[in-house]
2 protein chains.
Amino acid sequence: MMNGVTIASKTVGRLSLYRRLLESSIPCGREHVFSHELALLACVTPAQVRRDLMSTGCSGSPGKGYRTKDLIDGISKVLDYPEVQRVALVGVGNLGRAILSYFSGRRPNLRITASFDTDPQKTGRVINGCRCHPMSELTAVLGRESIATAILAVPAARAQETTDLLVASGIHGILNYAPVPLRVPEGVFLEERDMTMSLETVAFFARRAALERK
Amino acid sequence: MMNGVTIASKTVGRLSLYRRLLESSIPCGREHVFSHELALLACVTPAQVRRDLMSTGCSGSPGKGYRTKDLIDGISKVLDYPEVQRVALVGVGNLGRAILSYFSGRRPNLRITASFDTDPQKTGRVINGCRCHPMSELTAVLGRESIATAILAVPAARAQETTDLLVASGIHGILNYAPVPLRVPEGVFLEERDMTMSLETVAFFARRAALERK
DNA sequence: TGAGATTTGTGAACTTCGTCACAGCAATGC
DNA sequence: GCATTGCTGTGACGAAGTTCACAAATCTCA
Ligand SMILES: NC(=O)c1ccc[n+]([C@@H]2O[C@H](COP(=O)([O-])OP(=O)(O)OC[C@H]3O[C@@H](n4cnc5c(N)ncnc54)[C@H](O)[C@@H]3O)[C@@H](O)[C@H]2O)c1
Ligand SMILES: NC(=O)c1ccc[n+]([C@@H]2O[C@H](COP(=O)([O-])OP(=O)(O)OC[C@H]3O[C@@H](n4cnc5c(N)ncnc54)[C@H](O)[C@@H]3O)[C@@H](O)[C@H]2O)c1
């Protein structure tokens, strides 16, 4: 591992959450927070919070807790790149546009700066604040902007071929919303977010819980 | 547990995936499939497939594999309710509408049949094939249609209060897209799908992978 | 200054999830 | 009919993730 330290993917996700909570939900002026306060906000156990924070090098003091500013800085030192980290979106359909509108101007350090589509109605324009390029420019744009992360929102039938192109163009992380498992080579981090799987899982357990209550 | 058998939530998700793959990607006419074929499509190991299939009661035969039809039926018997299972969507904004358009007419057995919003511009109309009700009708509609599952896509600041209302109205499963951890009572199944967490996680590991390759 | 109340940091236990590996068996070939 | 092949079903193992539990540290207040 690059930094000497290995850090679990679940932990990275929660660190991102803790930072957001610290920035938005800690009563202003509060200089310190306890692990149990963050835990309550994040809906996890205090032990989980402390364990996660270990990987940032931050340390708190008993009886006083963690300095809010130290935590935000410590987490940012782990999660953020010194420069802005750029992200590409491929597939500017209904979901893609919702994602663009959601992320626009959110974290200054992590920005969707390029989008791609095959539809000539969409390419060449700026959509929800983000320029939409034709697929033919993908490799060049990713290279020029040093983009290593992509969000995939193309139709299922096009997902694998698009992935192959992304990987060949130097992408190292993909967040996939197409409902197809993607095949990626070693060294490419993949997060699958199949909404159908999620919904069927929730429906299954909802039914079960409802029946149990009878 | 209701049915005598406990079944892991990850397994439920994969069963949903296997069924979709069986219905769509198995060359027509193929009467049997091997665990390694399904594994390839689902990007998991053959052992994982066999282990998951154990919980459906289906069994295959060595040298021949599993009967495709048996699997689809077996999985459906686990996942599907005898009657149509209805789902509600709360928050018909950019994301909500994308979800509606995606799920409309997908699985006949699992349908989003009602949506809810506070915006009077949206309520009272049919949006993407789904009627949008005002929040005041929520409890009544959920009761009338026996809806136990909800998708939440309201602004973060409204997510917890909306959840409380859903739970009070008899919801037992929530798929949450608002970027806030929700507090639900025991007996309500919750799936958090925070896109910011996902994206930051992918960006983190993408960066790491890209640096390692140097 | 010292007793008491809290909270941190973390080894160890535990839980959950996935993989290995192999016994047992259906199909096939001889 | 018997040997061979190759897949299934599953106990045992291993890895990842979470919680427990407690010693050490700091704060509060008399
Ligand atoms: N809309 C949702 O809420 C939702 C939910 C779950 C999953 N998904 C999945 O997300 C993906 C996108 O969904 P959507 O609703 O936005 O669909 P959509 O049809 O609205 O958008 C797809 C977009 O991808 C573009 N496209 C098609 N082929 C392409 C290619 N080869 N390269 C680049 N772009 C290409 C199309 O021009 C279109 O703009 C689909 O795989 C869908 O299954 C969407
Ligand atoms: N758009 C995305 O891709 C995206 C991505 C990640 C997360 N999210 C989250 O999903 C949620 C919705 O996002 P969006 O982009 O659709 O936002 P949006 O503003 O477009 O839509 C929100 C909708 O919720 C309705 N609403 C507001 N208060 C409500 C209440 N109390 N009860 C019911 N409905 C209410 C609004 O009228 C609006 O229609 C937000 O929490 C957002 O953070 C969205």
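The shown structure was predicted, so the numbers you read here are calculated from the model rather than taken from an experiment. Letters A, B, ... mirror the listed sequences (proteins, then strands); counts begin at 1.
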Residues, nucleotides or ligands: over 12 heavy atoms within 6.0 Å of A:Arg67 CZ: yes
Is any side-chain N or O of B:Lys10 closer than 4.0 Å to OP1 or OP2 of C:dC17? no
Can you find a donor-acceptor pair, distance only, under 3.5 Å between A:Arg50 side chain and C:dT7 base? no
Would you state whether a donor and an acceptor, one from the side chain of B:Arg14 and one from the base of C:dG18, lie under 3.5 Å apart? no
Over how many whole Å does the gap from A:Phe34 atom CZ to C:dT7 atom P extend? 5 Å
May I ask you to say whether A:Glu23 pairs ionically with A:Arg107, meaning some side-chain N is under 4.0 Å from a carboxylate O? yes
Checking B:Arg19 side chain against B:Ile75 main chain: does a donor-acceptor pair fall under 3.5 Å? no
Between B:Ala47 and B:Pro62, which has a closest nucleotide on DNA chain D that is more 5'? B:Pro62
Between atom CD in B:Gln48 and atom C1' in D:dT10, what is the gap in whole Å? 14 Å
Tell me whether the side-chain N/O atoms of B:Tyr66 come closer than 4.0 Å to OP1 or OP2 in D:dG9. yes
When all nucleic acid strands are considered with a 4.0 Å heavy-atom cut-off, which category describes A:Thr11: base, sugar-phosphate, or nothing? nothing
Short side-chain N/O contact to D:dT18 OP1/OP2 from A:Thr45, under 4.0 Å: no
Length of the CG-P vector between B:Asp52 and C:dT19, whole Å: 10 Å
Output yes when a side-chain donor or acceptor of B:His172 lies under 3.5 Å from a complementary backbone atom of B:Gly170, and no otherwise. yes
